[in-house]
Amino acid sequence: MEIRVLGPVAAYADGTAIPLGPRKRRYLLGLLALEVNRTVPVERIVDLMWPVDPPRTAVHAVRVCASDLRTALHGWAEIEARGGGYLLRTDPSAVDAHRFRQLVQLAGQTGDDAETVRLLDEALSLWHGEALAGVVPAEVRDQLCLGLTQARIGAADDRADALLRLGRHAELLVELSAAVAADPLRERPAGQLMLALYRAGRAPEALAAYAAVERALGEEVGLDPGPELRRLRQQMLLRDPQIDLPQRRPRQLPAAITGFAGRAEELSILDKLLDEAAPVVAISGTAGVGKTSLALHWAHRVADRFPDGVLHANLRGFDAAGPVPAADVVRDFLSALGVAHPEGGDAQAAALRSRLAGRRMLLVLDNAASADQVRPVLPGTPGCFVLVTSRHRLTGLVAVDGANPVPLDLPSLDDARLLLAYRLGDLVEREPQAADELIAACARLPLALAVVAARAATTGLPLRALAADLADLDGFDGGDPAADVRAVLSWSYRAVSEPARRMFRLLGLRPGPAVSAAAAASAAGVPLGEARRLLRELASAQLLSHGPRFSSHDLLMLYATELAESDADAAAARYRLLDHYLHSVEANAAVLDAFRDPPGLPPPIDGVTLEVTADDAAALDWFTTEYPALVNAVSLAERSGLDRHGWQLACGLTEVFERLGRWEDWSATHEIALAAARRLGDRAAEARCLVGSGRAAMWRRSWAEAHERLGLALTRYADLGDPDGLAHTHHNLGYLYEQQGGDLELALRHSVSALELFRECGDEPGEARALNAVGWYECLLGRPGDAVTHCRAALDLLHRLGDRRTEALTWDSLAYAYLALDEVREAVGCLEHAVGMMVELGDPFHEAEAADHLGDAYARLGDPEAAARSWRRAVDRLDGLGHARADEVRAKISRPSPP
């Protein structure tokens, strides 16, 4: 059920509009919906519906409207007559205005700007026009909805502030310009527009925006801009670094667990350890005992004591899909801190330690499998506080790394009563013996107590009846807590609707730790809106965590998996789920590289919902978020006998593996893909997998394996008579010889072969990249004149194709050739162009590389000041990424003679 008042008044059931009839009926529904579950007196309804001269029959007309409305909403919501008025009785979240206020409140409570933007985007998307549009006169609407309208404006302003803090100023320019044009006297959006323009490198326009608001205020109300706006202008004039993009201070803590109670002794221990500057604390205890609840509750209490931010990772040490590799956590934390990933796990762990050094941060590592999973994430210097939870005692972490153990046992009887009382109020006090029977039957396990409390709250059954029912359930004999939890979960499962139960069962098939609404819709084969409703129902029943991506406790996941095994639709759901991941991967891979060579996919089957992003950054963010599920989906395809999905998924992820530096995952998935292609007898698929496998081996520095795989790919493509496949393989072989530090003449020959083959089959993107490779190897071999010819030809083709990233890299290659010819001014021009293009593309690493080379060229030119400026630019970018080359470039600035 959904009732809309943020726009035209309407009601929907299962996505279908409910006929409400004439305007007065919709008028009444809007008034009652704004006060959902509260009585609105008839006199107030009459005053609002007839502001001037109400007819003598007004009260009767209201009664008729209410009766007709009750009939229209029968089965979905209730219109009750109570105390001389009427009320709409329904779940408040069914009313969009209530959901809007709830989302805005949540956005104000989270410390994570990205989460704030997501919540406010969802809140603002609920508006479809003016509140109560089309049914309420403007003067009444202003009276009723002024607060909502102001909240909408405030939410939009808060969202812009969060986006500015995230460095996403470019995407704000259009909407802020429109907001300022719509209301030139509002100073907050004017200041936001000024800051967005300034950070986009458009300082004159930012100052012009100030002049415009100054002029408007003077002409309209005879006032000057306020002190904040004047101060911002002054900071811009002085180039004050305080208004530059702030350093990232992540706030990654999930919401604290609702209903936390007790644990005073453990909280006191954690407070004491923090005061004593203990570097690492390990909370250990059995599954469901409340380790995560304690860790998150305490972390939220002390988060303000960590000015540099909070990092959080669920290590999923006991997940059916296996623990999260420590290297993945290191890379995720580097990304959150805005640090580029150097190659190799040791280098990445060192980069994380470097970034944490001297900072005051809290790291929460939940659900660790072992000490080895935690060690690569530990800071190397004092200042940070690491909080680890695990079902194991992590003795090695205590003995070797100095962790302070905090064992977590079952809560005391008093704490268990507190937990139930928090959730059930005075019901526990009215039935103390029954409450104690429930606690005993749940073995005082907090997870079991939470589910029992949810059932009591939703069913209204007396505690004694619940306790008796519990005692009769199989496995509920006070023994193994896991068995007890499984029995308790069956209640929550049976309490939801059958469509929700089906959704829960099928989510047991998911390959990753969490699932998006689109993936869940695909698994169940239902529309996205229906999937979201079912997921909300499951979340309300505590069978899933709340979105935007839905996950569950390990035991809940195990329970869902067991149920899925007996579902008749399991095989079809697994196929739809893999189709969802495969086609979403291909669509987003095309966003990352529009010039990639895609495999031919059949269309997705009916019931599959895709997730497609709009730009490079969003696509990479999607891949990073979904990464565990995508990698596990390759193994799921293998176990399910869906070999086509397996090899195509693996090949679709190659660009992601390369960008994220996941060489081991690349190799592992391509071994599965290669076996799948061979089982299918698909020689073209086998050749493609051999190329991907060879590239992964090259990045792992497994030279013999790389040569063997790429050599086999050459043979397969030759047998197939596929010149484009041969060209791609030769191109990779050339790169392999260069990376290996081997025969550059052989690297050149492979690149020339690739160039000829790309031309033969009309593959222009491939031809352009091969031209650049040929020019590069010619320059390395001491033939810079030939290199210039090939690089110039590549640039012409790349410019026509619109492949700007490869074009920028080719300008850098061309500059190298000009330096070899001692045509230094030409090299400077090429490198200035390359730097400018990298700035436009938002690629700070390659901008730094080009700026470093530009500094070298200026030094060759005899302009040390320009060289130093360029090197400083490179150092700034590399420092921002936490890159190891920063010191190498920094050394050039103080060198007395040119390189």
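Not measured: the values here are computed from a predicted model.
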Per the salt bridge (Lys or Arg N to Asp or Glu O under 4.0 Å) rule, what does the pair list look like for residues 98-108, sequence neighbours excluded?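 Qualifying pairs, neighbours excluded: E2-R99.
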Apply ring-ring contact (aromatic ring centres under 6.0 Å, His included) to [X] and list each qualifying residue two or more places apart in sequence or on a separate chain.
X: Y27; result: none
X: H833; result: W811
X: H98; result: none

Pairwise side-chain contact, [X] with [Y], heavy-atom cut-off 4.5 Å (strictly under):
X: L387; Y: W298; result: yes
X: H169; Y: Y198; result: no
X: M361; Y: L337; result: yes

According to salt bridge (Lys or Arg N to Asp or Glu O under 4.0 Å), who are the partners of [X], at least two apart in sequence or on a separate chain?
X: R360; value: none
X: E35; value: R38
X: R251; value: none
X: D157; value: R186, R188

In residues 201-214, what donor-acceptor pairs under 3.5 Å come from side-chain atoms, sequence neighbours left out?
{"unit_1": "R202", "atom_1": "NE", "unit_2": "E205", "atom_2": "OE1", "d": "3.3"}
{"unit_1": "R202", "atom_1": "NE", "unit_2": "E205", "atom_2": "OE2", "d": "3.0"}
{"unit_1": "R202", "atom_1": "NH2", "unit_2": "E205", "atom_2": "OE1", "d": "2.7"}

Tell me, yes or no, whether the heavy-atom count around E228 atom CD, taken from other residues, nucleotides or ligands under 6.0 Å, exceeds 12. no
Checking [X] side chain against [Y] main chain: does a donor-acceptor pair fall under 3.5 Å?
X: D96; Y: L6; value: yes
X: R25; Y: L20; value: yes
X: D852; Y: W871; value: no
X: S177; Y: L173; value: yes

The criterion is side chain to side chain donor-acceptor pair (under 3.5 Å); which residues satisfy it with D91, sequence neighbours excluded? S93
Minimum heavy-atom separation for A834 to A808, with atom names?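 Closest pair (atom of A834, atom of A808, distance): CB-O, 3.7 Å.
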With side chain to side chain contact (heavy atoms under 4.5 Å, CB included) as the test, would you mind laying out the steps for R159 and L124 before giving the verdict? CA-CA 10 Å; R159 173 182 175 274; L124 293 167; 4.0 Å; yes
Only pairs at least two apart or in different chains count here, so list each side chain to side chain donor-acceptor pair (under 3.5 Å) that has a residue in residues 122-140.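 Passing the test, one end in residues 122-140: R118-E122.
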What pairs meet the side chain to side chain donor-acceptor pair (under 3.5 Å) rule with one or both residues in residues 230-241, with sequence neighbours excluded? Q235-D240
